[in-house]
Colleague: 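Have a look at the structure that comes next, please.
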Amino acid sequence: MQANMNRPAPVELCHKNMRFLITHNPTDSTLSSFIEDLKRFGATTVVRVCETTYDKTPLEKDGITVVDWPFDDGAPPPVKLVDDWLSLLKKKFQEEPGCCVAVHCVAGLGRKRRGAINSKQLTYLEKYRSKHRLRFKDSHAQKNKCCTM
């Protein structure tokens, strides 16, 4: 898939045994190239945090699970969504270390403007306190390992 101003290329983020693919929201007309990207990165789960813009049936036929957790663009996610997200990640990365989870919203990386942050997001980050829900025990280290996102 070629990146352009409206459709940036997917971005892979890796940390220890966790891989994430941040991508744009496809449409039914761009779905085949979206599926190709998911396969290329080995993504088996897609989390949609925006309104539906495509039929998920073709992804499911290719063995890719689609999870719908929309929330308002520019707003922090609701607490329940954060809890569900962390539970999904913990399960996925414990069962399949090194797997890839894809996530997209309407505008892709950065939700509208790459590197931009709005006042709602800043307030959320200022008040955020880690609950250490993504800690993984490592028998070779004295401390638990964790992922901060």
Side-chain angles (χ1 to χ4, degrees), residues 1-4 6-118 120-121 124-125 128-139 141 144-149:
M1 176 180 319
Q2 292 183 340
N4 65 37
N6 295 322
R7 302 280 182 205
V11 175
E12 183 181 34
L13 303 173
C14 302
H15 180 74
K16 304 203 187 293
N17 71 329
M18 297 175 278
R19 294 175 46 237
F20 301 92
L21 186 65
I22 313 302
T23 185
H24 67 84
N25 68 317
T27 62
D28 286 328
S29 64
T30 62
L31 197 53
S32 61
S33 60
F34 179 71
I35 292 171
E36 287 175 25
D37 283 339
L38 296 175
K39 288 181 177 181
R40 184 165 43 94
F41 286 94
T44 57
T45 302
V46 174
V47 178
R48 291 195 280 206
V49 296
C50 59
E51 297 301 320
T52 302
T53 59
Y54 60 93
D55 179 14
K56 65 182 179 180
T57 306
L59 283 88
E60 291 171 336
K61 285 181 182 176
D62 275 324
I64 299 168
T65 302
V66 179
V67 180
D68 287 305
W69 288 333
F71 64 96
D72 291 339
D73 193 22
V79 172
K80 180 171 180 352
L81 193 148
V82 172
D83 290 341
D84 291 345
W85 167 254
L86 293 172
S87 293
L88 170 76
L89 297 182
K90 191 168 191 173
K91 180 180 179 196
K92 290 291 295 178
F93 294 128
Q94 283 180 338
E95 291 176 359
E96 303 173 53
C99 71
C100 183
V101 174
V103 63
H104 74 77
C105 60
V106 173
L109 186 64
R111 293 188 75 125
K112 289 196 180 179
R113 295 178 316 270
R114 189 169 301 201
I117 191 163
N118 67 33
K120 289 180 186 177
Q121 293 166 325
Y124 175 79
L125 291 172
Y128 180 79
R129 297 296 173 256
S130 172
K131 295 179 183 175
H132 304 290
R133 291 178 283 193
L134 280 181
R135 287 184 183 249
F136 296 98
K137 298 278 185 185
D138 183 351
S139 60
N144 289 333
K145 304 286 182 172
C146 70
C147 171
T148 304
M149 295 193 299

Colleague: Where is the tightest heavy-atom contact between Cys50 and Cys105, given as atom of each residue plus distance?
Modeller: SG-C, 3.6 Å

Colleague: Atom CG in Asp83, atom CG in Leu88: separation rounded to 0.5 Å?
Modeller: 12.5 Å

Colleague: Can you list everything that forms a salt bridge (Lys or Arg N to Asp or Glu O under 4.0 Å) with Glu12? Sequence neighbours excluded, please.
Modeller: Arg19

Colleague: Check the pair Leu89, Met18 against side-chain contact (heavy atoms from CB on, under 4.5 Å), reporting the backbone distance first and the verdict last.
Modeller: CA-CA 9 Å; Leu89 297 182; Met18 297 175 278; 5.9 Å; no

Colleague: Decide side-chain contact (heavy atoms from CB on, under 4.5 Å) for Tyr54 and Thr27; before the verdict, give the C-alpha distance in whole Å, the side-chain angles of both, and the deciding distance to 0.1 Å.
Modeller: CA-CA 5 Å; Tyr54 60 93; Thr27 62; 5.6 Å; no

Colleague: Evaluate Glu96 against Thr44 for side-chain contact (heavy atoms from CB on, under 4.5 Å), listing each step before the verdict.
Modeller: CA-CA 10 Å; Glu96 303 173 53; Thr44 57; 4.2 Å; yes

Colleague: Could you tell me whether the side chain of Ile35 reaches within less than 4.5 Å of the side chain of Pro58, counting heavy atoms only?
Modeller: yes

Colleague: Salt bridge between Arg40 and Asp37, side-chain N to carboxylate O under 4.0 Å?
Modeller: yes

Colleague: Under 3.5 Å, side-chain donor or acceptor atoms of residues 59-71 against the rest of the protein: list the pairs with distances, not counting sequence neighbours.
Modeller:
residue, atom, partner, partner atom, Å
Asp62, OD1, Lys39, NZ, 3.4
Asp68, OD1, Arg48, NE, 2.5
Asp68, OD1, Arg48, NH2, 3.1
Asp68, OD2, Arg48, NH2, 3.2

Colleague: With Thr53, which residues qualify under side-chain contact (heavy atoms from CB on, under 4.5 Å), at least two apart?
Modeller: Asn25

Colleague: Can you name the nearest heavy-atom pair linking Leu31 to Asp55, along with the distance?
Modeller: CD2-O, 3.4 Å

Colleague: What's the separation between atom OG in Ser87 and atom NZ in Lys91, rounded to the nearest 0.5 Å?
Modeller: 10.0 Å

Colleague: Under the criterion side chain to side chain contact (heavy atoms under 4.5 Å, CB included), which of Leu81, Asp84, Val103 is the partner of Val47?
Modeller: Val103

Colleague: For the residue pair Pro10 and Phe41, establish whether any side-chain heavy-atom pair is separated by less than 4.5 Å.
Modeller: yes

Colleague: Closest heavy-atom contact between His24 and Phe34?
Modeller: O-CE1, 3.8 Å

